[in-house]
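Taking it in order: structure first as structure tokens, then the write-up.
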Amino acid sequence: MHALTRQVGRWMVDGLSSDLHSHIASMRRYAMALAGDTVEADDLVQESLRRAIAYTRKGGSVRNPRAFLFTVLHNVWANQVQSNGSAGQHIPIDDVAATLGIDGNQQRQVELKALLRAMNDLPKDHRQVLLLVCLEGFAYREAAAMLGVPIGTVMSRLARARKNVIAQISAEQPARQLKRVK
């Protein structure tokens, strides 16, 4: 019996019934934010999917496939960081800003760079919570379960992350003054 079968546009992987493909893009975004490198991010996603499928083959049940996949992704990354003894390579956002491919006017690009700089300056645990809740749309309870921390810790980290990002962005932007034209 095959563990992976296609049924009505959905992949059935033993106990993991979900359209796995729909989660890969958001998993890759989160992996990229954690790893800082596209190759490492792809490896993280691939290893996470492999482990998720292996878990379901062993009879494990999954109630929320998206939350489960993100939990596995976070744990794979945490294990790699722990075994490597570092959080990976730090790349300043200014070094890669030209490759981000952002469309829009100059002011939006300036604001986005300020936001990315502010997020990059956050402590790792604050940035993780901010990405999971604000970018990926997970509930506080889901983010807490994925990170293995109490829900109050998620709420506290998120509040501090938002406060720090807003403070840094506000400090970078000069006060706008209107010219009086007669």
Side-chain angles (χ1 to χ4, degrees), residues 11 13 15-56 60-84 86-93 96-97 100 102 111-169:
W11 289 100
V13 182
L16 182 62
S17 168
S18 175
D19 183 4
L20 292 177
H21 190 268
S22 69
H23 301 299
I24 292 175
S26 58
M27 288 176 68
R28 192 167 185 273
R29 266 195 313 270
Y30 185 55
M32 182 64 186
L34 293 174
D37 177 64
T38 54
V39 173
E40 287 183 44
D42 289 341
D43 290 345
L44 276 173
V45 171
Q46 183 176 359
E47 178 62 16
S48 301
L49 291 171
R50 187 195 64 76
R51 288 187 187 189
I53 291 169
Y55 173 80
T56 59
S61 64
V62 177
R63 286 190 285 190
N64 183 342
R66 184 170 188 250
F68 173 71
L69 291 169
F70 271 78
T71 301
V72 172
L73 175 68
H74 174 78
N75 291 339
V76 168
W77 177 78
N79 290 342
Q80 287 180 357
V81 168
Q82 189 174 24
S83 68
N84 292 343
S86 70
Q89 181 182 10
H90 175 74
I91 301 172
I93 193 66
V96 294
L100 293 177
I102 302 167
E111 291 169 356
L112 181 60
K113 284 181 183 179
L115 174 63
L116 292 174
R117 258 193 315 276
M119 287 179 61
N120 204 29
D121 289 345
L122 289 173
K124 176 185 67 171
D125 53 347
H126 292 182
R127 186 173 50 250
Q128 288 173 341
V129 170
L130 189 67
L131 290 169
L132 287 173
V133 174
C134 296
L135 180 65
E136 298 301 335
F138 283 104
Y140 294 170
R141 187 174 315 280
E142 292 173 320
M146 281 181 242
L147 299 173
V149 297
I151 192 170
T153 301
V154 167
M155 294 167 65
S156 175
R157 288 177 183 175
L158 183 59
R160 283 182 278 170
R162 287 176 173 161
K163 180 181 173 186
N164 289 342
V165 167
I166 290 169
Q168 186 171 342
I169 289 173

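Being a predicted model, the structure only gives us computed values, none of them experimental. Numbers here simply count residues along the sequence, with the first being 1.
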Is any side-chain heavy atom of [Y] closer than 4.5 Å to one of [X]?
X	Y	result
R28	T38	yes
R29	S26	yes
H23	L49	no
Y55	F68	yes
P123	R160	no

Starting at [atom1] of [X], measure out to [atom2] of [Y] and round the result to the nearest 0.5 Å.
X	Y	atom1	atom2	result
H126	L158	NE2	CG	10.0 Å
E142	E136	CD	CD	11.5 Å
M155	R141	CE	CZ	10.0 Å
L147	Q128	CG	CD	5.5 Å
I151	S156	CD1	OG	12.5 Å
W77	L44	CH2	CG	9.0 Å

Between [X] and [Y], what is the shortest heavy-atom contact and its length?
X	Y	result
S48	V72	O-CG1, 3.4 Å
V129	V154	CG1-O, 3.6 Å
A35	A41	CB-N, 4.1 Å
L69	A52	CD2-CB, 3.6 Å

NZ or CZ of R66 within 45° of F70 ring axis and under 6.0 Å:
yes
Would the distance check show the side chain of N120 and the main-chain N or O of L116 forming a donor-acceptor pair, the cut-off being under 3.5 Å?
no
Pair R157-T153, side-chain hydrogen bond (donor to acceptor under 3.5 Å, both in side chains): steps then yes or no
CA-CA 6 Å; R157 288 177 183 175; T153 301; 5.7 Å; no
